[in-house]
Every structure is written in structure tokens, then in C-alpha cells.
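See structure below.
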2 protein chains.
Amino acid sequence: MHALIREAEALCLRTGVTFTPPRRRVLELLAASKIPMKAYDLISQAGADGHPFKPPTVYRALEFLCQLGLVHRIEQDATFVACCHSGHTQPVALFVCNSCLKVTEVAYPNVAKVLENAAQAQGFQVESIVVEGRGQCAPCAQAA
Amino acid sequence: MHALIREAEALCLRTGVTFTPPRRRVLELLAASKIPMKAYDLISQAGADGHPFKPPTVYRALEFLCQLGLVHRIEQDATFVACCHSGHTQPVALFVCNSCLKVTEVAYPNVAKVLENAAQAQGFQVESIVVEGRGQCAPCAQAA
DNA sequence: CATTAGCATGTTATAAGATAACATAACAGG
DNA sequence: CCTGTTATGTTATCTTATAACATGCTAATG
């Protein structure tokens, strides 16, 4: 069993929320994938073994997992990826490789502060930030 | 005529690309809107005066305008907003107010470098970055 | 001036992403 | 047992975006 699943179980137990079958199934698929997945890939694959999952079920599971920080949604291309840091609470930037599509997570604790201050300087009170990027991951940059 | 339209004309002239009617129309609508617009709002409004615009036409215009930096796409909610800095090339973060939906643009020249370096430290070669946020703009924060 | 290359738009159809609305089930607490 | 709560099942639909191909416009070339 994937470590992330154990994480999820523990986290749910701690916070008093339930780790139901569809939530588990979606997280399993994401954890097993090396690259971000589209919602409809999850929908078809989740039901590959007989029990078909419909869109709302999967979208609900994704929303749940995102809230817990176990999964990230990549806004630029509407895909979802399992979080490799386990249940972190610090902000992460997601860098997607243009060649292999794998995600590199980059924490940016101080940078977040700077951004918040820059916004604050214009009177804007920041509540959430999304940072995403594109480029070449280490192995693909090597190969090029 | 909106200043942004003059900007666009000048910019297109300089760079040898053409500022065609649909491109102008879409930019006009965005420039006139105080808040980001959805593509399909543009599609219906662009044709309000008799000449209907179809989705591909509007999406093409948006792509064009985004490439020129005259319009930004807000990834989190698939909306589009006219850029208030005229044809800047420096990176901007877009902060959307949760109350009034207006956008505050925040430049972050040095922060971008820091992010790139943080990614680079993990071997990731950054090609592009998107920074978006949510919160309360100055007037709405006052009111609250 | 005809030809043609290039770029841009027009048109039709459909793919892809997401959610509203309501029904059903499972389960804990009184 | 009843009831409130939480989660899933189901149907239908809405929203966002693009593929594929036809047509038109303009400007350079010969």
C-alpha cells in the first residue's frame, strides 16, 4: 500500500473526517500516477474494475483531497496530482515539466511573505496564493 | 476611445501584427469591464450589436491578446481581464478580490528570480511562472 | 493585373471539464 | 426507532474550449 494512503488514513482519523471508498480510490490512482491526471481519466480508470464512478463522485473526492492538501489541482491545465510532501501546510509552487509532465514541488515560505507584502503595499489583503510554473525538470534538462 | 486600444494599435503597428476587428472588439469589451470576464460573456456581448461572434473567433482573439500581454487569463476561474499596465513585459501577479472581483496587479520582479532559483536548486529550469491570489482589495477590506 | 502565399476569420460540430438538483444510503446519538 | 448528518448515487445539463475545414482578405511577385 502506498505511503500516501496511510498518511491519508491517519490524517482523516486525526481530523475526524472519513476516508471513504471513492476518496481512497481516487487518491490511489493519483498516487500511482507519475504525472498529473485529468478528472475524466480518473473517472474512467476508477471504474475500470467494474464499479463505474460518475463525474460528481470523482469531483467530490478531488475537492475533499485538495482541501486536506493531499492532492493539488494544477490550474493551468485542469489536472490533479498527488502531493509528494505528506500533508504539509506550507505553500508550494508546482512546476510542471514541458517534456515529461512530471511535477516538481518547490516550497517558498519566505517568498509567499514577500508577495503578501507587495500586495499589502497596494492595500490588498491576501488570503490565498497559487504559484505554478513550466519548464524542464532536472532529468529532461540533462537530456536536452 | 480607451487608452488601451490606442496602446494595442501602436503595439501591433510596431510588431507588424494586425489589429483586426474581432481582436479590437474583444479588447474593447474587456477594457470596458471593471472585472474579469468569462469567454462566453464576451461571445454573447461581442455580438450584441448584430454581428454574432462564434466561440473560435473569440478564443482566437483572446489568445492573440494574451500573447501580446494586453490581456491576462486568470487560470483559477477561467476568466480574462485587460491588463492595466500597458504592454509591460515584467511579471505580474493577479490578485482577485473575493468581494468585488476586481483585480489588483502586483509586479514581482525580484520574487520571480527567487522562485526561479528555488526551482533551479532542485534542477528545474523555469520557463514561465503564473502567480495568482485571492483576498480583499483595499476598498473592500476597508468596508469590512 | 493575375497568381499565389500567408494570415485571419467564418462555420459546423463536438470534445472536455464541471456542477445543479434531487434521490438514496449509512450511521451515530438521542 | 427516529432523526440529523454526512456521503454517495443518478440524471441531466451547463460551461469551457477546440478540431477541422471553408472562405476571404491583403500584399508581394512575376
Side-chain angles (χ1 to χ4, degrees), chain A residues 8-9 11-30 33 35-47 49-68 70-81 96 101 130 132, chain B residues 8-9 11-13 15-30 35-47 49-68 70-81 101 132:
Chain A
E9 283 175 345
L11 181 58
C12 288
L13 210 59
R14 273 207 309 283
T15 56
V17 295
T18 54
F19 193 53
T20 60
R23 292 168 180 175
R24 167 187 292 266
R25 184 82 179 102
V26 168
L27 185 57
E28 279 172 356
L29 286 169
L30 285 173
S33 175
I35 60 174
M37 292 181 73
K38 297 179 184 178
Y40 273 76
D41 289 345
L42 287 166
I43 289 163
S44 47
Q45 290 190 29
D49 58 347
H51 181 140
F53 284 77
K54 303 262 174 77
T57 303
V58 170
Y59 277 103
R60 285 165 184 156
L62 286 169
E63 188 184 1
F64 174 88
L65 295 167
C66 285
Q67 275 174 2
L68 285 169
L70 295 165
V71 166
H72 299 300
R73 183 196 147 104
I74 298 172
E75 306 289 345
Q76 287 181 82
D77 48 4
T79 56
F80 300 85
V81 68
V96 181
L101 303 182
V130 171
E132 295 180 5
Chain B
E9 284 175 344
L11 181 57
C12 289
L13 209 58
T15 56
V17 295
T18 55
F19 194 53
T20 60
R23 291 167 182 177
R24 166 186 295 264
R25 184 81 179 104
V26 168
L27 185 57
E28 280 172 356
L29 288 170
L30 286 173
I35 59 175
M37 293 182 72
K38 296 178 186 180
Y40 274 75
D41 289 344
L42 287 165
I43 289 164
S44 47
Q45 290 189 31
D49 59 345
H51 181 139
F53 283 77
K54 303 261 174 79
T57 304
V58 170
Y59 277 102
R60 285 165 183 156
L62 286 169
E63 188 185 359
F64 174 87
L65 296 167
C66 285
Q67 275 174 3
L68 261 65
L70 295 165
V71 167
H72 298 299
R73 183 197 148 105
I74 298 173
E75 306 289 345
Q76 286 181 83
D77 48 4
T79 57
F80 300 85
V81 66
L101 302 182
E132 295 180 4

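Per chain, numbering begins at 1; letters A, B, ... match sequence-line order. Below, each value reflects all heavy atoms present in this structure, side chains not excepted, and no hydrogens, waters or symmetry copies.
Distance Leu42(A) CG to dG17(C) C1': 13 Å, rounded to the nearest Å. Rounded to an integer number of Å, the gap from CD of Gln76(A) to P of dA16(C) is 20 Å. Put simply, CG on Asp77(A) is 21 Å from P on dA15(C), counting in whole angstrom units. In this structure, Arg24(A) places its CZ atom 16 Å from P of dA7(D), rounding to the nearest Å. Whole-Å rounding puts the Asp41(A) CG to dA18(C) P distance at 12 Å. Rounded to whole Å, atom P of dT8(D) lies 11 Å from atom CD of Glu63(A). When rounded to the nearest whole Å, the span between CZ of Arg60(A) and C1' of dC22(C) equals 11 Å. For Ile43(B) and dC14(D), the CD1 to P distance is 16 Å, given to the nearest whole Å.
Here the nucleotide nearest the side chain of Phe80(A), chosen from dA17(D), dA8(C), dA18(C), is dA18(C). Among the nucleotides dA18(C), dT11(C), dA7(D), the one closest to any side-chain atom of Ala39(A) is dA18(C). Residue Tyr59(B) places its side chain closer to dA17(D) than to any other of dG17(C), dT11(D), dA17(D). Distances were taken from every side-chain heavy atom of Lys54(A) (C-beta onward) to each of dT11(D), dA17(D), dG10(C); the shortest belongs to dT11(D). Looking at the side chain of Thr57(B), the nearest of the listed nucleotides dG10(C), dA18(C), dT8(D) is dG10(C).
In this structure, Leu62(B) and Leu42(B) have side chains that are in contact, with non-hydrogen atoms separated by less than 4.5 Å. Glu75(A) places none of its side-chain heavy atoms less than 4.5 Å from the side chain of Glu132(B).
No contact: Pro21(B) has no heavy atom under 4.0 Å from any strand. Residue Arg23(A) is in sugar-phosphate contact alone, with no base atom involved, counting any heavy-atom pair closer than 4.0 Å across all strands shown.
Take the nearest nucleotide of DNA chain D for Phe64(A) and for Ala78(B): the residue whose nucleotide is more 5' is Phe64(A). For the pair Thr18(B) and Pro56(B), nearest-nucleotide mapping onto DNA chain C gives the more 5' position to Thr18(B).
The pair Arg25(B)-Glu28(B) meets the salt-bridge criterion, since a charged nitrogen lies less than 4.0 angstrom from a carboxylate oxygen.
A donor-acceptor contact under 3.5 Å is not formed by the side chain of Tyr40(A) with the base of dA15(C).
The heavy-atom pair separating Leu29(A) from Met37(A) by the smallest distance is O-SD, 3.8 Å.
OP1 or OP2 of dA18(C) sits under 4.0 Å from a side-chain N or O of Arg73(A).
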(request) Would you please test Val17(A) and Phe64(A) for side-chain contact (heavy atoms from CB on, under 4.5 Å) and show each step? (result) CA-CA 10 Å; Val17(A) 295; Phe64(A) 174 88; 3.9 Å; yes

